[in-house]
A.B. asks: 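Can you read through this structure? Questions will come right after.
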Amino acid sequence: MVGEVRGGEALDMLQAMNTGHRGSLTTAHANGAYHALIRLETMALMAGIDIPLAAVREQIRHGIDVVVHQERDGDGRRRIVQIAEIDPTRGDPYSLRDVGT
């Protein structure tokens with residue numbers, strides 16, 4: 001488990017997820033499942049390594065299976081509002097399929 005990712009360490013996390021570290025888990029702040037993936041690619045590009053965006057997107061598509069989005073209610077309780085599965089074979093840049101809430 002990796003704590004919240006906020007910057008370039010996202011690239012290290014993606015590389016670990018794509019090299020046999022099964023069962024990885026992390027958190028990131030975003031406004032939904034799709035936006036979490038876009039934010040993750042932006043953070044990976046902050047690593048300061050000259051890596052093409054297409055390569056980062058491939059790392060995300062093949063390293064992440066499911067995105068769970070939760071929100072905090074007005075009373076402070078958290079609730080899951082979206083569970084989305086990534087289709088690694090499709091995407092422009094990502095193809096998500098809602099699998100439940």
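Count residues from 1 along the sequence.
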A.B. asks: Return the set of residues passing side-chain hydrogen bond (donor to acceptor under 3.5 Å, both in side chains) with D98 (not counting sequence neighbours), or none when no residue passes.
C.D. replies: Q82
A.B. asks: Who passes side chain to side chain contact (heavy atoms under 4.5 Å, CB included) against A16, sequence neighbours left out?
C.D. replies: H21
A.B. asks: With sequence neighbours excluded, give me every salt bridge (Lys or Arg N to Asp or Glu O under 4.0 Å) pair touching residues 47-56.
C.D. replies: none
A.B. asks: Among all residues two or more places apart in sequence or in another chain, which pass the salt bridge (charged side-chain N to carboxylate O under 4.0 Å, His left out) test with D75?
C.D. replies: R77
A.B. asks: Under the side chain to side chain contact (heavy atoms under 4.5 Å, CB included) test, which residues partner D87, sequence neighbours left out?
C.D. replies: T89, R90, S95
A.B. asks: Tell me, yes or no, whether the heavy-atom count around H62 atom NE2, taken from other residues, nucleotides or ligands under 6.0 Å, exceeds 12.
C.D. replies: yes
A.B. asks: Can you list everything that forms a salt bridge (charged side-chain N to carboxylate O under 4.0 Å, His left out) with R57? Sequence neighbours excluded, please.
C.D. replies: E41
A.B. asks: With sequence neighbours excluded, what pairs up with R61 under the side-chain hydrogen bond (donor to acceptor under 3.5 Å, both in side chains) test?
C.D. replies: E58
A.B. asks: Looking only at heavy atoms, what is the nearest atom pair of G7 and M46, with distance?
C.D. replies: CA-CE, 4.1 Å
A.B. asks: Under a 4.5 Å cut-off applied to non-hydrogen side-chain atoms, are L37 and L96 in contact?
C.D. replies: yes
A.B. asks: Which heavy-atom pair separates A10 from A44 by the least distance, and what is that distance?
C.D. replies: CB-N, 3.8 Å
A.B. asks: Test L45 against V56 for side chain to side chain contact (heavy atoms under 4.5 Å, CB included), laying out the working first.
C.D. replies: CA-CA 8 Å; L45 291 170; V56 171; 3.9 Å; yes
A.B. asks: Yes or no on side chain to side chain contact (heavy atoms under 4.5 Å, CB included) for I64 and L40, after CA distance, side-chain angles and deciding distance?
C.D. replies: CA-CA 11 Å; I64 297 176; L40 183 58; 3.3 Å; yes
A.B. asks: What heavy-atom pair brings P88 and I86 nearest, and what distance separates the two atoms?
C.D. replies: CD-O, 3.3 Å
A.B. asks: R6: what forms a side-chain hydrogen bond (donor to acceptor under 3.5 Å, both in side chains) with it, not counting sequence neighbours?
C.D. replies: E4
A.B. asks: Heavy atoms, side chains only, cut-off 4.5 Å: are I38 and P93 in contact?
C.D. replies: yes
A.B. asks: In Å, rounded to the nearest 0.5 Å, how long is the span from CE of M13 to OG1 of T26?
C.D. replies: 5.0 Å
A.B. asks: Where is the tightest heavy-atom contact between A36 and V67, given as atom of each residue plus distance?
C.D. replies: CB-CG1, 4.3 Å
A.B. asks: Can you sort out the partners of R97 under side-chain hydrogen bond (donor to acceptor under 3.5 Å, both in side chains), two or more places apart, ordered by chain and number?
C.D. replies: E85
A.B. asks: Please enumerate all residues that pass salt bridge (charged side-chain N to carboxylate O under 4.0 Å, His left out) together with D73, with sequence neighbours excluded.
C.D. replies: R79
A.B. asks: Minimum heavy-atom separation for D92 to Y34, with atom names?
C.D. replies: O-OH, 4.2 Å
A.B. asks: Run the salt bridge (charged side-chain N to carboxylate O under 4.0 Å, His left out) test against R72 and tell me which residues pass, sequence neighbours left out.
C.D. replies: none
A.B. asks: Looking only at heavy atoms, which two atoms of H69 and A33 are closest? And how far apart?
C.D. replies: CB-N, 4.2 Å
A.B. asks: Which residue pairs pass the side-chain hydrogen bond (donor to acceptor under 3.5 Å, both in side chains) test when at least one of the two sits in residues 9-18, sequence neighbours left out?
C.D. replies: N18-Q59
